[in-house]
Amino acid sequence: MVDVASVADSYWADVFQASGGEVWPGGVHTTYAADGWDGVYVMSVGSCIRIRAQTARAAQIQPLVSSGTLADLMDPRFWEAGLRDLRPHVLGPASHFLSTERTIPRAVPAPPVSTTELEAFLAREDEAEIDEAGILDTGSQLFGVRVDGGLVAVAALSEWAGARSDVGVLTSRHNRGRGYGAAAAAAALDSAIRHGGGFARWRCRDDNPASLAMARRFGLTFYGRNLGIRLSTE
């Protein structure tokens, strides 16, 4: 059986260039690298916070990091105020959960989602929620639940840690609370466990109680939380 916590630790050690030793040793640790993405990624696991940003941003980011408490560094308002000249757009906080074969029941396979029906489904939904679910991520495998021939929920299975294992779900705003999202998510989780790398990751915003409840319903294990901060000088 796959040790999914070790998979996650290895993934984040690579992201934060944590060579050797414990990945989450406690305290605040900052990595500056030649990233293509101009933003700040903040990950909190246990009593440790790791932060990654572009090397070119170090002079702007480090004084802010040094001035913040652990609670500050996971607070969107702290980054919005401290980086206001860069017009930050803060995504999250979001919680990460992990799954292994023991926690996921077998699900009924979902038929493929066509481009036409996906476009019709997404046209009625919130852009931020679509982005959070990862439905438009390149290479995502989609699992749809339909009622009367129309999509009411879609789960996306995207690449993470070397396998299609990152699960996101979006339920039509007019069809929530009816179990459709759970059905789509179960199909994606089942595929990740049975046919992918043998593990799955679930991410959801902390202000999305339905998705948090779904993660607990599936028996997923809490791992950590993150913030993503997009920067702009335009």
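Atom set for the values below is all heavy atoms of this structure, side chains included, hydrogens, waters and symmetry mates excluded.
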Any side-chain donor near an acceptor of the partner, [X] and [Y], under 3.5 Å:
X: D9; Y: W24; value: yes
X: S140; Y: D137; value: no
X: E119; Y: T115; value: no

Practice prompt. Just say parallel, tilted or perpendicular for the rings of W160 and F199, cut-offs at 30° and 60°.
Written response: perpendicular
Discussion item. For F16 and Y41, take the angle between the two ring planes, folded into 0 to 90°, and tell me which bin it lands in: parallel under 30, tilted 30 to 60, perpendicular over 60.
Written reply: tilted
Between the side chains of [Y] and [X], is the shortest nitrogen-to-carboxylate-oxygen separation below 4.0 Å, so that they form an ion pair?
X: R203; Y: E132; result: no
X: R173; Y: D126; result: no
X: E129; Y: R176; result: yes

Discussion item. Show, in sequence, the C-alpha distance, side-chain angles and deciding distance for R57 and Q54, and conclude whether the side chain to side chain donor-acceptor pair (under 3.5 Å) test is met.
Written reply: CA-CA 5 Å; R57 295 290 191 189; Q54 281 190 345; 4.6 Å; no
Discussion item. Is it true that, when you exclude E22 itself, more than 12 heavy atoms of the residues, nucleotides or ligands shown sit nearer than 6.0 Å to its CD?
Written reply: yes
Worksheet item: In this structure, which one of N226, D206, N208 forms a side chain to side chain donor-acceptor pair (under 3.5 Å) with S95?
Response: D206
Item to complete: Drop me the distance from L142's CG to E117's CD, to the nearest 0.5 angstrom.
Response: 9.5 Å
Fill in: Closest contact, heavy atoms only, A184 versus V145
N-CG2, 3.5 Å
